[in-house]
Amino acid sequence: MRFFSTLIASVLGSFIAVGLVIFVGIMIMTVVVTSSVSINEPSISSESVLVLSLTGPVEEQGTTDPLYDLLDIPQPQGLNRVRAALKSAANDDRIQAVWVKPQGVIAGWSTLLEIRESLEDFKMSGKPLIASSAGDFSMRESDYFLASVADSIFSAPNAFFEFNGFYLGVSFYKGLFDKLNVDPTILKVGSYKGGVEPYSREDMSDENRIQYSEILSNWNNLMTSTVAKARGINQEDVIDLIEMGTIMTTEDAYEHGLLDGLLQTEEIEALLSDLIGSDDDLSTISLAKYSPSAVDQPTNSEGTIGLMTASGTIISGQSNNLNGYLGAGSFQKSMKKFRDDDRVKAVVLRIDSPGGSATASEAMWQSVKETSQKKPVVISMGDLAASGGYWLATAGDTIIASPHTITGSIGVYGVHFSLGRMLETKFGITSDHVSTSEYADMFSGMRPLRPSEQALFQRSLGDTYEKFLHRVSENRNMSIEDVHEVAQGRVWTGNLAFDAGLVDELGNLDDAIRIASDMAGLEEGSYRVKRLPEPETLLDQYLDLFLAHIRSFIESPIETQFRKEARLLEEAIKLQGIPIARMPINIEYR
């Protein structure tokens, strides 16, 4: 797999060399712009409309970096910033309305629900809330879910409108391995542990088909019940619209009561001007430029709530945001800062992770447990807190999950890839070795595991699974036998996990912060919230962005998909030969 990385690096190298001078110039210019912006914040008129253009991924923490505007690249959006901006706008006399423009929002349903709940809170201010598609673009289910909370929803005429249900797909690599003569050895503990299936099967097992269907049913019920209530339609009628393929255009959506009008952007702007009583041209401000000053932290606080974000695949070493890796070393360093800071009275750990290395998960567990012995630790589950992510959660005092979180997956598996036959048959490369013992080259990757070696590996996985069960048993006050019944790698939605005793309460991040403050004896409004890890340095952010921008020029969509699959396989190879507590690496859902 390093071959692919080397090849990509070589191709990009020439582009990077040519663009380096330009890049440095942009950096200097942006630093100047950043300094200017920090000193002179954009003025906001007394009749402004806050525009939330929600596009692409919604991260736990976003950035407000002017370089994105300079390069005309969509800025990563943070859930924290969206929610803070809406809370501020509700009490900001300069903001007269909010205009939501969702287009291709990429987020789990827990995140979508938190954004929608913030929009509902804004509506309680009595200010208008309007939603529309972005320009001539269409809406899909996740976009419409957010839009449905608005007073009125508009879209351009003659546009596509996706309202045809949900799917959850998994890519399988067994056929690829067969063609390449790669010999995988796949071992697992837990009948539901679907993380191994992409390497050993060509389709889903019955067990995983059942649990993934339950997840989709949860999301579908959330979508249809919410839309039905918001639009005054029976839920059964909404389900019929989806299942019968009734709606495919904005005209269809308007005819069946999902839209309030088919309007172009200029017409919506005129409508908003009338709503807020403005005689001038509509004054708008974007999320990136709006400073949520109305929700500033108290200046004289009795204490601080530490808010720790744990996002990505769990690995040993350092985190890598660009590749979506959550490093145990980086995590432990941030957790120690909260643990040793006497001003921090409680910690909220926000988990959005599919798991990863079981060893790294245990190391992070130890860090959280050490912190919980000094101050309260409340777990808040985002879209995903499964396998190693749930392992980590068991170190907290209280676990809060959204009803639509994916969690559980209490199981372990291991993979071993033998590349020797591929190298010989495809490239004519052979290998030989000397060793001091029979097992010395067990994980060389040049030959399949012998039966005795598979037994050793399986024993290691069994020990790790037993450790996992004990962690859950201690935290949930359940017997090992009862934990085993709800474990075995099975994935649960938050509401089912609550019924199974795996979480304490159903709620969002605000609920977790409130519970943490109560446990610390802090009254509402008397504490600050401090987030870790801190954002990357400007240089790190710019370099990541520059590489992504260069790559977007030279990659076709097909190449992008191949690169994605190559990265996922590379991740699997990184985890070779160790116990893995992780969901499948390549679930796609929408």
Side-chain angles (χ1 to χ4, degrees), residues 42-56 58 62 64 69 74-75 77-79 81-105 107 112 114-140 142-157 159 161 227 230-231 250 253-254 258-295:
S43 60
I44 304 176
S45 75
S46 60
E47 296 180 341
S48 292
V49 173
L50 175 62
V51 179
L52 296 182
S53 296
L54 301 175
T55 303
V58 179
T64 54
D69 292 331
Q75 190 158 216
Q77 294 154 113
L79 175 62
R81 183 161 181 80
V82 172
R83 297 172 73 248
L86 287 169
K87 185 175 182 179
S88 176
N91 302 300
D92 191 336
D93 293 336
R94 300 169 300 175
I95 302 298
Q96 298 298 308
V98 167
W99 182 2
V100 184
K101 300 167 70 174
Q103 179 204 334
V105 177
L112 293 171
E114 289 205 36
I115 295 175
R116 196 179 189 282
E117 288 172 343
S118 293
L119 291 167
E120 287 179 330
D121 291 341
F122 171 82
K123 281 184 67 175
M124 294 178 65
S125 69
K127 299 178 182 180
L129 174 61
I130 300 298
S132 76
S133 56
D136 296 331
F137 295 97
S138 64
M139 286 190 186
R140 63 185 189 186
S142 57
D143 301 326
Y144 188 75
F145 176 78
L146 296 177
S148 65
V149 71
D151 301 316
S152 300
I153 313 172
F154 304 101
S155 189
F161 194 94
V227 169
R231 303 300 296 178
T250 51
Y254 178 61
L258 298 183
L259 296 175
D260 295 292
L262 303 178
L263 303 178
Q264 301 290 354
T265 300
E266 294 79 6
E267 296 174 294
I268 299 174
E269 290 175 349
L271 183 149
L272 273 168
S273 292
D274 290 340
L275 279 175
I276 65 176
S278 175
D279 296 327
D280 301 322
D281 292 337
L282 188 68
S283 176
T284 62
I285 184 166
S286 67
L287 174 65
K289 295 180 180 178
Y290 179 59
S291 176
S293 56
V295 291

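Residue indices begin at 1 and follow the sequence shown. A quick note: this is a predicted structure, and the numbers were derived from the prediction, not measured.
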### Task
For Leu258 and Ile153, run side chain to side chain contact (heavy atoms under 4.5 Å, CB included): C-alpha distance rounded to whole Å, both residues' side-chain angles, the deciding distance at 0.1 Å, then the answer.
CA-CA 8 Å; Leu258 298 183; Ile153 313 172; over 6 Å; no
### Query
Would a distance-only check, ignoring hydrogens and angles, find a side-chain to backbone donor-acceptor pair under 3.5 Å from Ser273 to Glu269?
yes
## Note on the structure
Scanning both residues in full, the closest heavy-atom pair of Thr250 with Ser155 reads CG2-OG, 3.2 Å
### Task
Please tell me if the side chains of Arg94 and Ile285 come closer than 4.5 Å, counting only heavy atoms from C-beta onward.
no
### Task
Flag the pair Lys101 / Val51 as yes when at least one side-chain heavy-atom distance between them is below 4.5 Å, and no otherwise.
yes
### Pairwise side-chain contact, Ser46 with Gln96, heavy-atom cut-off 4.5 Å (strictly under)
no
### Query
Do the side chains of Leu119 and Leu52 get nearer than 4.5 Å, heavy atoms only?
yes
### Message
Is the shortest side-chain heavy-atom distance between Leu282 and Glu266 below 4.5 Å?
### Response
no
### Query
Which pair of heavy atoms, one from Ser133 and one from Met139, lies closest together, and at what distance?
N-CE, 3.3 Å
### Message
What's the separation between atom CG in Leu259 and atom CZ in Arg231, rounded to the nearest 0.5 Å?
### Response
7.0 Å
### Rounded distance [0.5 Å steps], OG1 in Thr265 versus CH2 in Trp99
5.5 Å
#### Entry: Residues Thr284, Lys289; criterion side chain to side chain contact (heavy atoms under 4.5 Å, CB included); working and verdict
CA-CA 10 Å; Thr284 62; Lys289 295 180 180 178; over 6 Å; no
### Task
With rounding to the nearest 0.5 Å, note down the distance linking CG in Asp92 to CG in Leu50.
9.0 Å
### Task
Count the heavy atoms belonging to other residues, nucleotides or ligands that lie under 6.0 Å from CZ of Phe154, then report whether that count exceeds 12.
yes
### Any side-chain heavy-atom pair of Ile130 and Leu275 under 4.5 Å
yes
### Message
Tell me the closest heavy-atom pair linking Pro102 and Asp143, and the distance in Å.
### Response
CG-O, 3.5 Å
### Query
Taking atom types as modelled and ignoring hydrogens, do the side chains of Ser48 and Tyr290 form a donor-acceptor contact shorter than 3.5 angstrom?
no
### Summary
Heavy-atom closest pair (Ser125 atom, Ala90 atom, distance to 0.1 Å) is CB-O, 3.7 Å
### Task
Verify the distance criterion only: is there a donor paired with an acceptor across the side chains of Ser283 and Ser45 at less than 3.5 Å?
yes
### Task
Please round to the nearest 0.5 Å and tell me the distance separating atom CD of Gln264 and atom OG of Ser132.
10.5 Å
### Query
Which value, rounded to the nearest 0.5 Å, describes the distance between Ser118 atom OG and Leu79 atom CG?
7.0 Å
### Message
On a heavy-atom basis, which atom in Ala97 and which in Ile276 lie closest, and how many Å separate them?
### Response
CB-CG2, 4.0 Å
### Query
Do you know which two heavy atoms are closest between Val58 and Gly78, and how far apart they sit?
CG1-C, 4.4 Å
### Query
Is it true that Asp151 and Lys127 have a side-chain N and a carboxylate O under 4.0 angstrom from each other?
no
### Message
Can you confirm whether Leu86 sits close enough to Asp121 that some side-chain heavy atom of one is under 4.5 Å from a side-chain heavy atom of the other?
### Response
no
